[in-house]
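All figures in this text were calculated on a predicted structure; none of them were measured in a lab.
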Amino acid sequence: MQVEEFKARRQALMQKMGHGVALIPTAAEAVRNRDSHYPYRFDSYFYYLTGFDEPEAVVLLVAGEAPKTILFCRDKDIEREIWDGFRHGPEGARDTFGFDEAYSITELDQRIGEYLANQLQLFFSLGADSDWDQRLGGWLKQLASQARSGVATPAAIVDVRRLLDEMRLVKTPYELEIMRKAAEITVDAHKRAMRTTRPGLMEYEVEAEILHEFCRRGSRAPAYTSIVAGGGNACVLHYITNQDLLNDGDLLLIDAGCELEGYAADITRTFPVSGKFSPVQKDVYELVLAMQQAAIAQVRPGQHWNSPHEAALNVLAQGLIDFGLCQGSLDGVLESGDYRRFYMHRTGHWLGLDVHDAGEYKQADGAWRLLEPGMVLTVEPGCYIRPAENVPEHFWNIGIRIEDNAVVSADGCEIITAAAPKTVQEIEDWMRQA
Ligand code: GLY
Ligand code: MN
Ligand code: MN
């Protein structure tokens, strides 16, 4: 944790606000069952501004002539710390994380009025969490009741995510360094899974190899639930059951990424359970690979968000016509959308603290936004062929996705996940050496 990086983010947000106060709570702890909780995950916006990973915390940023940052967090509590572990406490957190002031979270109701009073703008994620909406409503009502003593309530509530999304979209060198590490660990996890896979294993046995590598390298959780999908399961886009047998002759699709210091990696590789592609699997695989190459060639500054997707669709539509899976002209298949029977998702998304990261895909005028250096996105074309009457049987249950993570650079992009075997040759070579 680099305190200067987080301070700079707070300052940048306050500058964008101009004046007013921002109120950003972290996520609540979530009960799994009875008195067991899910592993705690902070709110991404809160963490982006603070680097503080304890639950029950709120940050306030007062912008204007006398800018000020205030953290409310849990008190130190020796009894609780014996059971649950270390807490920074307000004073410790203030010094370690570089806030101007810090108070106990138990004092929030009593102190919040002084920060909200007479501010013309309140920056808050209204609608993100009904508990916080309700609490804020109570505070504003309380302030309004003091109107005759000259206390003004905020005239406008602005969605703070509008400002933060734009900041989060372009990554700093500090963020990119973490994302490269997350990519490296995830690459090694996929390589390990490829080498372990053989007919007769269960999907969860391969999932265990992925999770082992994540945890062993300091990633305490996957960034999303891993998809380990053998054969026809790969045609279920969000398959996470991961408990079927891996059969000789089938493909295995793995979509898995680790989370490191809050940042996600998101890689998909598809490879033969036996280590050797069949001729038809190879044909479809090479079509998806060509889609990805065409898409990656479009990732550079000045290109609009949708151009990688459009490039991938062009390659796909022609390939489906060549396979006899779609009929008609290239333009006809693109226009009718007939390819959607085999490819029903888009070719990527922003990547960062959230796997589907913050940031608009369109500009205010409705046009696709343009790529800029420092943006990070996935490039993940696929082709999923379910059994159907009008599809020749040898194509059935082939589901392929190839997903890499791209950082937009000054004149193109850097594929930070490139080291995971990807061509037919690379995959077969890597698996043969197992
Ligand atoms: N793993 C989620 C995605 O690829 O979008
Ligand atoms: Mn993805
Ligand atoms: Mn993915």
Side-chain angles (χ1 to χ4, degrees), residues 190 193-194 197 199 203 206 227-239 244 246-256 267-297 308-328 330 333-334 336-348 378-404 420-432:
H190 278 261
M194 272 184 203
T197 296
E203 290 166 341
V206 179
I227 296 171
V228 182
N233 293 340
C235 298
V236 178
L237 296 179
H238 292 159
Y239 177 83
D244 279 354
L246 294 172
N247 295 307
D248 201 359
D250 280 349
L251 292 174
L252 174 59
L253 181 155
I254 300 182
D255 184 345
I267 300 182
T268 307
R269 287 292 183 266
T270 310
F271 53 94
V273 169
S274 68
K276 181 110 185 97
F277 286 87
S278 74
V280 64
Q281 287 168 348
K282 181 166 180 278
D283 286 347
V284 182
Y285 188 87
E286 287 188 328
L287 172 61
V288 178
L289 190 56
M291 290 166 75
Q292 205 210 29
Q293 281 158 349
I296 287 173
H309 184 55
E310 286 166 3
L313 289 184
N314 268 293
V315 174
L316 173 71
Q318 187 57 56
L320 292 173
I321 293 167
D322 296 344
F323 290 155
L325 294 174
C326 285
Q327 274 70 44
L330 177 60
V333 171
L334 287 170
S336 69
D338 193 31
Y339 61 83
R340 288 202 194 99
R341 288 186 289 133
F342 308 103
Y343 183 42
M344 51 301 277
H345 60 77
R346 297 186 56 84
T347 304
T378 66
V379 185
E380 52 176 304
C383 184
Y384 314 92
I385 312 177
R386 288 168 166 270
E389 243 172 47
N390 52 358
V391 172
E393 205 172 326
H394 60 281
F395 283 112
W396 289 6
N397 294 322
I398 293 182
I400 294 168
R401 178 164 63 255
I402 307 173
E403 176 172 28
D404 281 289
K422 189 157 68 169
T423 64
V424 166
Q425 190 73 49
E426 283 166 358
I427 290 173
E428 290 187 349
D429 285 351
W430 179 253
M431 292 184 74
R432 194 170 323 128

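In this structure, a donor-acceptor pair under 3.5 Å is absent between the side chains of Gln318 and Asn314.
In plain terms, the two heavy atoms of Val379 and Ala295 that are nearest each other are CG1-CB, 3.6 Å. Taking each heavy atom of Ala294 and Ala311 in turn, the nearest pair found is O-CB, 3.6 Å. Here the shortest heavy-atom pairing between Leu246 and Gly230 reads CD2-CA, 3.9 Å. In terms of heavy atoms, Ile427 sits closest to Phe271 at CG2-CB, 3.5 Å.
Looking only at side-chain heavy atoms (C-beta outward), Asp404 and Arg269 come within less than 4.5 Å of each other. Counting heavy atoms from C-beta outward, Leu251 and Tyr285 have side chains that stay 4.5 Å or more apart.
In this structure, CE on Met431 lies 11.5 Å from CG on Asp429, to the nearest 0.5 angstrom. The distance from the CD1 atom of Ile385 to the CH2 atom of Trp396 is 12.0 Å, given to the nearest 0.5 Å. The CD1 atom of Ile227 sits 7.0 Å away from atom OG1 of Thr268, with the distance rounded to the nearest 0.5 Å. Note that CD1 of Ile267 and CD1 of Ile402 are 12.5 Å apart. Values are rounded to the nearest 0.5 Å. We find the CG-CG distance between Asn390 and Leu325 to be 8.5 Å, quoted to the nearest 0.5 Å. Distance check, rounded to the nearest 0.5 Å: CG of Asp255 to OG1 of Thr270 gives 9.0 Å.
His190 contributes no side-chain N or O that, together with a main-chain N or O of Pro421, makes up a donor-acceptor pair within less than 3.5 Å. Judged purely by atom type and a 3.5 angstrom limit, Arg386 uses its side chain to pair as donor or acceptor with the backbone of Cys235. Formation of a donor-acceptor pair under 3.5 Å by the Arg401 side chain with backbone atoms of Leu253 is not found in this model. A side-chain donor-acceptor contact under 3.5 Å links Gln281 to the backbone of Gly249.
Checked against Ile398 for a side-chain contact (heavy atoms from CB on, under 4.5 Å), the options Val284, Asp250, Val288 give a single hit: Val284. Applying side chain to side chain donor-acceptor pair (under 3.5 Å) to Gln292 and the options Glu380, Glu403, Lys422 leaves one that passes, Lys422.
Pairs passing the salt bridge (Lys or Arg N to Asp or Glu O under 4.0 Å) check and including a residue from residues 285-297, sequence neighbours excluded, read Lys282-Glu286.
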In sequence, state the C-alpha distance, the side-chain angles, and the governing distance for Phe277 and Asp283, and then conclude on side chain to side chain contact (heavy atoms under 4.5 Å, CB included). CA-CA 9 Å; Phe277 286 87; Asp283 286 347; over 6 Å; no
Given side chain to side chain contact (heavy atoms under 4.5 Å, CB included), test Val273 with Asn247 step by step and report yes or no. CA-CA 7 Å; Val273 169; Asn247 295 307; over 6 Å; no
Side chain to side chain contact (heavy atoms under 4.5 Å, CB included) between Leu334 and Leu313: does it pass, once the steps are laid out? CA-CA 7 Å; Leu334 287 170; Leu313 289 184; 3.9 Å; yes
What's the verdict on ring pair (Phe, Tyr, Trp, His ring centres under 6.0 Å) for His345 and Tyr384, showing C-alpha distance, side-chain angles and the deciding distance? CA-CA 10 Å; His345 60 77; Tyr384 314 92; 5.5 Å; yes
Would you sort out whether Tyr343 and Leu320 count as a side chain to side chain contact (heavy atoms under 4.5 Å, CB included), showing the intermediate values? CA-CA 11 Å; Tyr343 183 42; Leu320 292 173; over 6 Å; no
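Between Asp248 and Lys276, none of the side-chain N atoms (NZ, or NE/NH1/NH2) sits under 4.0 Å from a carboxylate O, so this pair counts as no salt bridge.
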